[in-house]
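Step one of this worksheet: look at the structure below.
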Amino acid sequence: MKLLVTGGAGFIGSAVVRHILKSSEDTVINLDKLTYAGNEESIPTDIRSSRYIFEQVDICDATELKRVFIEHQPDAVMHLAAESHVDRSIDGPGEFIQTNVVGTYTLLEAAREYWSGLTEEQKGKFIFHHISTDEVYGDLPHPNEVAAGTELPLFTEQTSYAPSSPYSASKASSDHLVRAWQRTYGMPTVITNCSNNYGPYHFPEKLVPHIILNALAGKPLPVYGDGSQIRDWLFVEDHARALVTVAKSGKVGETYNIGGHNEKRNLEVVETICDLLDELAPNKPEGVNNYRDLITFVTDRPGHDARYAIDAEKIQKDLNWTPEESFESGIRKTVEWYLSNKNWWQRVMSGAYKLDRLGA
Ligand code: NAD
């Protein structure tokens with residue numbers, strides 16, 4: 001099978017590419033613009049082969065997309081390319097509208113033109129898999145806001161969209177475009193909405209790597225507000241496995257929520273990382289006794305969602321996918337990875353990234 005993966009040099013896309021190359025005979029066409037968040041070094045050279053093709057292309061470039069479809073004749077598209085950082089979307093939403101909305105539209109049109117020219121048999125096998133986020137659903141009641149003992153709701157595939165940030169609004173728009181292309185043109189699509197990911201090769205502006213690297217540098221560990229916001233954390237390799245499962249076995253026209261059943265408060269995540277670093281990196285920077293002492297509460301993000309939590313029953317029941325990592329095992333692997341892969345993050349950080357940006 002030939003899979004066209006957009007955004008395959010990013011955090012989740014590179015996990016998808018690594019998973020495909022390691023666990024199948026499939027060919028991957030990694031299509032990525034290589035923005036500040038894209039890094040082809042996230043695909044180690046020892047797993048690249050003739051089954052790995054890289055195309056540096058912007059998903060807003062219709063001419064180039066057309067060329068890629070004609071040249072590589074993919075059986076499926078896995079669309080991950082996006083601007084993905086909420087704080088950046090608040091500072092400058094334009095890029096998010098351009099890539100996430102206009103780019104998805106441009107890619108849908110290129111895919112539709114290509115799909116229309118396939119034989120009936122090939123058409124029946126083709127799928128456009130759009131990768132999205134649980135943030136399109138807005139937020140959920142927080143345990144602090146409800147009476148003790150009240151059952152807390154989860155996001156299901158039927159939850160109405162109510163995005164809060166320019167990022168989540170742009171992703172919601174792209175989800176609507178994908179559904180419209182399915183309904184109007186009959187192009188076979190499938191959508192997944194996933195919770196917060198963490199793991200290796202995560203760009204250091206996001207919460208988990210930001211905290212690990214700031215702690216190792218003896219810098220303040222910024223936590224928004226009181227750190228009570230709840231996210232449902234999923235190890236990136238579990239997400240990559242779920243995505244490939246959906247691309248290969250998902251039912252056309254369906255949506256699948258993906259999550260780890262790991263609801264954690266942001267402060268709890270930061271404290272867990274500090275405790276792991278106390279154990280795994282005991283030679284602390286000068287003046288630091290415990291990494292937790294570096295925690296600094298900062299002004300909350302505007303419009304900050306209180307709680308996200310996914311009901312992942314559908315993908316578990318229909319496609320037999322379950323996460324393999326608990327939060328405890330996954331976060332330990334993640335901290336260990338950053339400690340033994342300094343070269344990767346030092347090279348990444350020598351680029352556009354500024355260490356003083358706040359985490360997601
Ligand atoms: P990322 O920011 O790490 O990677 C995005 C990739 O897309 C980068 O390699 C970048 O170079 C590429 N890209 C950006 N604009 C492009 C363009 N115009 N043309 C071609 N390539 C472009 O993002 P991520 O965290 O890996 O997220 C991947 C996808 O998964 C996104 O669609 C995101 O909305 C979704 N998602 C992310 C999370 C999460 O926790 N990170 C959770 C759920 C869903």
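For ligands, and for the atoms within them, numbers begin at 1 and follow the listed sequence. All values below were derived from every heavy atom in this structure, side-chain atoms included, with hydrogens, water molecules and symmetry-related copies excluded. What you see is a predicted model; the values in this text were computed from it and never measured.
For ligand 1, the atoms sitting less than 4.0 Å from at least one non-hydrogen atom of Val57 are 19 (N), 20 (C), numbered in the order shown with element in parentheses. Of all the atoms in ligand 1, the ones that sit under 4.0 Å from a non-hydrogen atom of Cys194 are 42 (C), 43 (C). Close approach to Thr133 involves these atoms of ligand 1, each under 4.0 Å from a residue heavy atom: 43 (C), 44 (C). Set against the non-hydrogen atoms of Ile131, the atoms of ligand 1 under 4.0 Å away are 30 (O), 32 (O). Listed by number with element, the atoms of ligand 1 under 4.0 angstrom from any heavy atom of Ser84 are 1 (P), 2 (O), 23 (O). Close approach of ligand 1 to Gly38 (heavy-atom distance below 4.0 Å) involves ligand atoms 8 (C), 9 (O), 11 (O). Interface of Ser132 with ligand 1, defined as ligand atoms under 4.0 Å from a residue heavy atom, comprises 43 (C), 44 (C). Counting atoms of ligand 1 from 1 in the listed order, those under 4.0 Å from a heavy atom of Leu34 are 11 (O).
Summarising the local packing, CZ of Arg179 is surrounded by more than 12 heavy atoms from other residues, nucleotides or ligands at distances under 6.0 Å. Open room surrounds OH on Tyr105; 12 or fewer heavy atoms of other groups in view lie less than 6.0 Å from it. The neighbour count for Lys66 NZ, taken as heavy atoms of other residues, nucleotides or ligands under 6.0 Å away, does not exceed 12.
Among protein heavy atoms, atom 4 (O) of ligand 1 sits closest to Gly10 CA, 3.4 Å. In terms of protein heavy-atom proximity, atom 21 (N) of ligand 1 is closest to Lys33 N, 3.0 Å. The protein heavy atom nearest to atom 5 (C) of ligand 1 is Ala82 O, 3.4 Å. Of the protein's non-hydrogen atoms, Asn197 N, 2.9 Å is the one closest to atom 40 (O) of ligand 1. For atom 38 (C) of ligand 1, the closest non-hydrogen atom of the protein is Ile12 CD1, 3.5 Å. For atom 19 (N) of ligand 1, the closest non-hydrogen atom on the protein side is Ile59 N, 2.9 Å. Nearest protein heavy-atom contact of atom 9 (O) of ligand 1 is Asp32 OD2, 2.6 Å. Ranking protein heavy atoms by distance to atom 32 (O) of ligand 1, first place goes to Lys171 NZ, 2.6 Å.
Under 4.0 Å is where a charged nitrogen must lie from a carboxylate oxygen, and between Glu41 and Arg347 at least one such pair does.
With a 4.0 Å cut-off on non-hydrogen atoms, Asn39 does not touch ligand 1 at all. Looking at Ser195 against ligand 1, only its backbone comes within 4.0 Å, counting heavy atoms. Only the side chain of Thr99 comes within 4.0 Å of ligand 1, judged by heavy-atom distances. Within the 4.0 Å heavy-atom criterion, the part of Tyr167 lying near ligand 1 is the side chain and not the backbone.
Of the polar atoms of Phe11, at least one N or O is found under 3.5 Å from an N or O of ligand 1, judged by distance alone. Ligand 1 has no nitrogen or oxygen under 3.5 angstrom from a nitrogen or oxygen of His202. Here's the thing with Asn196: none of its N/O atoms is less than 3.5 angstrom from an N/O atom of ligand 1. Not one N or O of Cys60 is nearer than 3.5 Å to an N or O of ligand 1, by distance alone. At least one N/O-N/O distance between Leu80 and ligand 1 falls below 3.5 Å. The shortest N or O to N or O distance between Asp58 and ligand 1 is below 3.5 Å. Residue-to-ligand polar distances keep His239 apart from ligand 1: every N/O pair is separated by 3.5 Å or more.
No hydrogens or angles considered: nothing links the side chains of Glu113 and Ser116 as a donor-acceptor pair under 3.5 Å. Of the N and O atoms on the side chains of Gln182 and Thr189, at least one donor lies less than 3.5 Å from an acceptor on the other residue. A donor and an acceptor atom, one from each side chain of Tyr308 and Asp305, are located under 3.5 Å apart.
One distance of note links OG1 of Thr27 with CD of Gln73; it measures 13.5 Å at 0.5 Å rounding. Annotation: the span from Leu319 atom CG to Lys251 atom NZ amounts to 10.5 Å, rounded to 0.5 Å.
Qualifying side-chain hydrogen bond (donor to acceptor under 3.5 Å, both in side chains) partners for Asn30, counting only residues two or more places apart in sequence or in other chains: Tyr52.
When the heavy-atom distances from atom 13 (N) of ligand 1 to Leu234, Thr35, Val136 are ranked, the shortest goes to Thr35.
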Test ring-ring contact (aromatic ring centres under 6.0 Å, His included) applied to Tyr201 and Trp337, step by step = CA-CA 9 Å; Tyr201 300 99; Trp337 187 88; 4.6 Å; yes
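Residue pairs meeting the ring pair (Phe, Tyr, Trp, His ring centres under 6.0 Å) criterion with at least one partner in residues 237-291, sequence neighbours excluded, do not occur; the list is empty.
Taking the six-membered ring where the residue is Trp, Tyr114 and Phe126 present perpendicular rings, their angle passing 60° and hence far from 30°.
Proximity of a side-chain donor or acceptor of Thr104 to a complementary backbone N or O of Asn100 within less than 3.5 Å is detected.
For the side chain to side chain contact (heavy atoms under 4.5 Å, CB included) criterion with His85, the lone passing option out of Tyr167, Phe203, Tyr36 is Tyr36. Considering Leu276, Leu280, Asp275 as possible partners of Asp278, the one that fulfils the side chain to side chain contact (heavy atoms under 4.5 Å, CB included) test is Asp275.
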